[in-house]
There are 2 protein chains.
Amino acid sequence: MARLTRAESQARTREHVLDTAYTLFLGEGFTATSMERVAEAAGYSKGAVYSNFATKNELCLAVLDRIAAEQVTQLAAVMGDAPRFEDRIAGFARWADETIGDSSWTSLEVEFATANRRDKQVCEQLAQRRRTVTDALAELIRAQADELGITPALPADTAALTLLSLGIGLGVQRAFDPTVPVQPIVDLLRTVMSGRP
Amino acid sequence: MARLTRAESQARTREHVLDTAYTLFLGEGFTATSMERVAEAAGYSKGAVYSNFATKNELCLAVLDRIAAEQVTQLAAVMGDAPRFEDRIAGFARWADETIGDSSWTSLEVEFATANRRDKQVCEQLAQRRRTVTDALAELIRAQADELGITPALPADTAALTLLSLGIGLGVQRAFDPTVPVQPIVDLLRTVMSGRP
DNA sequence: GTCTATAAATCGATAGAC
DNA sequence: GTCTATCGATTTATAGAC
C-alpha cells in the first residue's frame, strides 16, 4: 500500500471522525454526545477532531448531509422501477417501516434543528438543506407519476412537503412511543399516487 | 388581602416559577435555558426552584402539560359551533396559522422529546401524554362529524394521528424555515371532514 | 496535522444556614 | 420553604509542544 500524502491522511482522519460521529449521534443523540466522546471512540484526541471540524454544530451538519444523501438514494432505489403500482407502494411501505420505524435519523435531525432554532446561521443551513430534500422528493414523485402515466392527486411540491412533514411527525413520536404506526404515511402516498390517469 | 398560608405561599411560588419557565423554554429553548436563568428571571434562587421541581425534566414536563391543555381548549373553541362546514374549516385555518405558524410550542415539545429519547422514564411520560392528546383530538373529530352529520373520510383515530403528526412535522420545519406553508394541514382536515354524508 | 494539557465557563444538583 | 455557597462533573474550545 502506497504511503498517504498529507492531504490524503487528513481526509482519512476526517472521514473516520465523521463515521464515528455518525454512529454516536444516531445512537445516543446530539446533546448526549460530547466531542470528547467522539474523539475517544474514533481513536484521536479532541484537538484532532477540532482541527477537522471547527464546531460541534459543523460536525453535526456534516453528519446530517450524509444522512440526507442516504435517504434520497435508498428511497429512489426502493421505489425504483417495479412494473406494477402496488409493488411500488409495497416497496415504499417496506422502506417506511425500516427507516421511519427505526426513527433515530429523524430524531437526530429534529433534535439538532430545534436545539439550534435561535441560531440564524444554523437555520439558514438547515433551510437550504430542507429545500434540497423536498425538491428531490418532488422530482421523484413526478418521475414516478410519469412512468405510471398518471397525474398526482396533489401538486408534486405539496405532496413532497406533506409526505416529508408526516414522516418527521411520525418519526418523532415513534422515538419515544414505538406503538405509533407507520401506516398513515403509506396511506398518504397511495392517495397521492392514485391521481387521475 | 388575607395572609397566605404556607401551602398557599408555596403554590404561588410554584406557579410563578412555572410561568417563568413557560416563557423561557418557549422563547429560548429547553437546552438553551438553564435552571439558574429560570430562577433569576422568576426572582428566586436556584434552591427555591429545586424545592418545587426536583429536576429540570420535571419542570419541563409541567410546562408541556400546560401547553397541551391550552392547545386542546383553543382548538375546541375555534372550531366550536360555527353553523357552516366552511366556517369551521376557516376557524381551523386561522388557528393553524397562528399556532403552528408560531411554532415555538412544537419546537419545545420536540426538542425535549428527542433530547431525552434514551430516558425510559421520560419516554413513558411522553407516551402517556401523547395518547391523551390524540384521544382528545379523535373525540373532537367525532363530535364535529356528528354535528355535521357525516362520516369522516378516515377513522377518527387515524385522522387524529395523521393531523397531529403533520402538525408536528410542519411546525418543526417552520422553526428554522418560516417559508414552509401551513396549508397542507388545512387541506388534510378538509379531506377528513369531507367524508360520506 | 495531531498531540497533551488546560483554560474558562456553565451546567444540574446538593448541603447547610436561617 | 427559601436562601447562599459550592460541589463535582462536563462542556466547548484553545495554546503550545512535536
Side-chain angles (χ1 to χ4, degrees), chain A residues 2-21 24-25 27-63 108 111-112 114-116 118-119 121-122 125, chain B residues 3-21 24-25 27-64 108 111-112 115-119 121-122 125:
Chain A
R3 215 164 119 230
L4 299 174
T5 68
R6 219 171 337 180
E8 284 169 341
S9 170
Q10 185 181 10
R12 214 182 63 93
T13 300
R14 191 190 149 91
E15 209 60 24
H16 196 178
V17 169
L18 191 58
D19 287 344
T20 308
L24 287 176
F25 284 164
E28 316 281 339
F30 174 69
T31 307
T33 302
S34 68
M35 292 293 264
E36 170 83 57
R37 179 112 175 69
V38 173
E40 178 194 40
Y44 298 91
S45 68
K46 226 178 350 174
V49 173
Y50 273 103
S51 72
N52 283 282
F53 300 93
T55 65
K56 191 186 182 184
N57 280 355
E58 187 178 310
L59 175 56
C60 193
L61 282 170
V63 170
L108 177 59
E111 182 192 355
F112 182 74
T114 51
N116 292 94
R118 299 299 176 197
D119 185 325
Q121 296 261 1
V122 172
Q125 298 263 355
Chain B
R3 212 162 123 234
L4 298 174
T5 68
R6 222 171 334 184
E8 284 169 341
S9 171
Q10 185 181 10
R12 216 182 63 92
T13 301
R14 191 190 149 91
E15 209 59 22
H16 196 177
V17 169
L18 192 58
D19 288 343
T20 308
L24 287 176
F25 284 164
E28 316 281 339
F30 174 70
T31 307
T33 302
S34 67
M35 292 293 264
E36 171 83 56
R37 179 114 173 70
V38 172
E40 179 193 39
Y44 297 91
S45 68
K46 224 177 353 173
V49 172
Y50 272 103
S51 71
N52 283 281
F53 299 93
T55 66
K56 191 185 184 187
N57 280 354
E58 187 178 309
L59 175 58
C60 193
L61 282 169
V63 170
L64 293 182
L108 177 58
E111 183 192 356
F112 182 74
N116 292 95
R117 77 189 130 120
R118 300 298 177 198
D119 184 324
Q121 296 262 0
V122 172
Q125 299 262 354

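Predicted, not measured: the structure shown is a model, and the values here were computed from it.
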More than 12 heavy atoms of other residues, nucleotides or ligands under 6.0 Å from CZ of A:Arg37: yes or no? no

Specify the separation, in whole Å, of atom CE of A:Met35 and atom P of D:dA9. 23 Å

Rounded to whole Å, how long is the line connecting atom OH of B:Tyr44 with atom P of D:dT4? 13 Å

Taking any atom closer than 4.0 angstrom to a non-hydrogen atom of chain A, what span of DNA chain C does the protein reach, first nucleotide to last? C:dG1 to C:dT6

Using a cut-off of 4.0 Å on non-hydrogen atoms, how would the nucleic acid contact of A:Ser51 be classed: base, sugar-phosphate, or nothing? base

Report the distance from atom CZ of A:Arg37 to atom P of D:dT12, rounded to the nearest whole Å. 13 Å

In plain terms, say whether A:Glu111 and B:Arg117 are close enough for a salt bridge, that is, a side-chain N and a carboxylate O under 4.0 Å apart. yes

Evaluate whether atom CZ of B:Arg118 has more than 12 neighbouring non-hydrogen atoms of other residues, nucleotides or ligands under 6.0 angstrom away. yes

Using the closest heavy atom to pick a nucleotide of DNA chain C for each, name whichever of A:Lys46 or B:Thr31 lands nearer the 5' end. A:Lys46

Would you find a donor on one side and an acceptor on the other, under 3.5 Å apart, between the side chain of B:Thr33 and the backbone of B:Phe30? no

B:Tyr50 ring centre to B:Lys56 NZ or CZ under 6.0 Å, with the angle to the axis within 45°? no

Quickly work out the A:Lys56 NZ to D:dT10 P distance and round it to whole Å. 14 Å

Hey, could you give me the OG/CZ distance between B:Ser9 and B:Arg14, rounded to the nearest 0.5 Å? 14.0 Å

A:Leu59 CG to D:dT12 P: how many Å, rounded? 10 Å

